[in-house]
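Since the structure comes first, as structure tokens, the remarks are kept for the end.
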Amino acid sequence: MAVNKAWTLAGYPSGWVEESHFKLVESPPPAPTDGEVLVKNLWLSLDPYMRGRISQQKSYVKGVEIGEVMSGETAGEVVESKHPKFKPGDTVTAPAGWQLYWSGKGELLTKVNATGVPLSYFLGCLGMPGRTAYFGLKEIGAPKPGETVVVSAASGAVGMVVGQLAKAWGCRAVGIAGGKEKCDYVKSLGFDACIDYKAGNLFEDLKAACPKGVDIYFENVGGEILDTVFRLMNFKSRIIVCGLISDYNAKEPYGVKNFRAILVNRIKVQGMIVFDWLERYAEANQALLELVQAGKLKYRESVLEGIEQAPKGLVGLLKGRNFGKQLVKLA
Ligand SMILES: NC(=O)c1ccc[n+]([C@@H]2O[C@H](COP(=O)([O-])OP(=O)(O)OC[C@H]3O[C@@H](n4cnc5c(N)ncnc54)[C@H](OP(=O)(O)O)[C@@H]3O)[C@@H](O)[C@H]2O)c1
């Protein structure tokens, strides 16, 4: 008999997330009703936004309540279907949460064709993080060949794709990441430079890597890094505010000291949430798939084995312990 294992929220963190904020519960797999599909989850994606889902602060999506299954996206296989569009064996992504089995409306599933590319990629460079990089850079950054694009958390799921798209679109790509190993990897992806912000010389190092200043900054971290990049932004440059991970566990936000740069340089600063482009997902999916298949979009995963590891994975992700897209292999 199959058993469903699910992580539920046991308590709201204040500050850093700990493994004790989650509780593992077991039950039989759910039975699909009319219009529903039962999915066996094979991969679970861990993402920084999950910190926001277990915060009691108002956000752009409703949070997880105590006792509810932790939210998250999975990639898996249909095992039973009461929906005309799905059959057993189909590979899908699902808003299934941190659990081994999920049953829900077929309309919530996305069928993916995992021939030729690993299924897990649909949670990363061919999924939500890839689409975030694509639309944020293309639509808000509006890059022109020859411009300089800087991206923070450059070795991560979104950052890796941003820099490689910037190169594919004719720009100079400069990453910011924590540590030499991550920076070496980022450079191996074809970025022109990568600055280790932990080396303690961010402003000078970034200035040297961006001799013509910064035209586009793809912001993933916020805090001191954002404040430093402000000092190098060009006239009529653009900042895509995609994420502010350095603030997610902070009791007080870092704030911004160099706000004046926006005025002086007429910088466009725009926040984004990937589902602002929901109707155009197919366009990004196709463009990213073509790049992966042509070997022009490389990608790295950080994989933990077993559903039991999910809380540890989220705790580590928020502390920068992941090296590449953080996943949990469920089967
Ligand atoms: N707006 C949207 O629709 C959307 C969609 C997806 C993701 N995002 C955001 O995009 C950002 C990146 O997400 P991701 O999935 O690609 O995660 P990720 O980069 O794969 O993992 C997070 C990385 O953030 C870095 N980090 C953690 N704490 C930091 C700190 N205090 N200062 C600087 N860097 C820190 C770490 O790398 P280092 O070791 O290099 O520090 C860590 O590996 C997050 O802020 C996320 O919330 C937004």
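First listed ligand is number 1; within each ligand, the first listed atom is number 1.
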- Item | Donor on one side chain, acceptor on other, Thr228 and Tyr197, under 3.5 Å | no
- Item | Contact atoms of ligand 1, heavy-atom distance to Leu318 under 4.0 Å | 27 (C), 28 (N)
- Among protein heavy atoms, which sits nearest to atom 3 (O) of ligand 1, and what does the distance come to when rounded to 0.1 Å? Val274 N, 2.8 Å
- Query: Considering distance alone, does some N or O of Val158 sit under 3.5 Å from an N or O of ligand 1?
  - Reply: yes
- Query: Got an N/O contact under 3.5 Å between Gly159 and ligand 1?
  - Reply: no
- Query: Under 3.5 Å, is there a donor-acceptor pair between the Glu305 and Gln309 side chains?
  - Reply: no
- Item | Aromatic centroids of Phe122 and Trp43 separated by under 6.0 Å | no
- Task: Cation-pi check, Lys23 to Trp7: give yes when NZ or CZ is under 6.0 Å from the six-membered ring centre and within 45° of the ring axis, no otherwise.
- Result: no
- Identity and separation of the nearest protein heavy atom to atom 10 (O) of ligand 1: Asn220 OD1, 3.2 Å
- Message: A cation-pi test, strictly: NZ or CZ of Arg266 under 6.0 Å from the centre of the six-membered ring of Phe235 and no more than 45 degrees from its axis. Yes or no?
- Response: no
- Nearest heavy atom to atom 34 (N) of ligand 1: which of Leu317, Asp247, Ile225, Val221 does it belong to? Val221
- Task: Can you pull out the closest protein heavy atom to atom 31 (N) of ligand 1? Residue, atom name and distance to 0.1 Å, please.
- Result: Ser246 CB, 3.3 Å
- Message: Quick check with a 6.0 Å cut-off and a 45 degree axis cone: is Arg238 positioned over the face of Tyr217's six-membered ring?
- Response: no
- Message: Could you tell me, atom by atom, which parts of ligand 1 come under 4.0 Å of a heavy atom of Ala177?
- Response: 40 (O)
- Query: Quick one: nearest non-hydrogen protein atom to atom 20 (O) of ligand 1, plus distance?
  - Reply: Ala157 N, 3.0 Å
- Answer yes or no for Gln326: is there a heavy-atom contact with ligand 1 below 4.0 Å? no
- Item | Cation-pi, Phe135 ring and Arg280 (6.0 angstrom, 45 degrees) | no
- Task: Give the atoms of ligand 1, by number and element, whose distance to some non-hydrogen atom of Met128 is under 4.0 Å.
- Result: 5 (C), 6 (C)
- Task: Could you find the nearest protein heavy atom to atom 36 (C) of ligand 1 and give me its residue, atom name and distance?
- Result: Gly320 CA, 3.5 Å
- Query: Looking only at N/O atoms, are Asp47 and ligand 1 under 3.5 Å apart anywhere?
  - Reply: no
- Query: What atoms of ligand 1 come within less than 4.0 Å of a heavy atom belonging to Gly243?
  - Reply: 9 (C), 45 (O)
- Message: In this structure, does ligand 1 have an atom that sits under 4.0 Å from one of the heavy atoms of Lys182?
- Response: yes
- Between Phe86 and Lys111, is there a cation-pi geometry (under 6.0 Å to ring centre, at most 45° from the normal)? yes
- Message: Could you tell me, atom by atom, which parts of ligand 1 come under 4.0 Å of a heavy atom of Cys242?
- Response: 1 (N), 2 (C), 4 (C), 8 (N), 9 (C), 10 (O), 48 (C)
- Top protein contact for atom 33 (C) of ligand 1, by heavy-atom distance: Tyr197 OH, 3.3 Å
- Taking only heavy atoms of Leu244 into account, list the atoms of ligand 1 that are under 4.0 Å away from them. 45 (O)
- Message: Taking 4.0 angstrom as the limit and counting only heavy atoms of Ala153, give me the atoms of ligand 1 inside it, by number and element.
- Response: 19 (O), 24 (O)
- Item | Nearest-contact summary for atom 5 (C) of ligand 1 - protein heavy atom, Å | Thr132 OG1, 3.3 Å
- Item | Minimum non-hydrogen distance to atom 47 (O) of ligand 1, winning option of Tyr49, Tyr248, Tyr254 | Tyr248
- Item | Proximal atoms of ligand 1 relative to Asn322 (non-hydrogen, under 4.0 Å) | 18 (P), 20 (O), 21 (O), 42 (C), 43 (O)
- Item | Proximity winner for atom 17 (O) of ligand 1, if only heavy atoms of Pro129, Gly178, Gly156, Pro48 are counted | Pro48
- Identity and separation of the nearest protein heavy atom to atom 29 (C) of ligand 1: Ile245 CG2, 3.9 Å
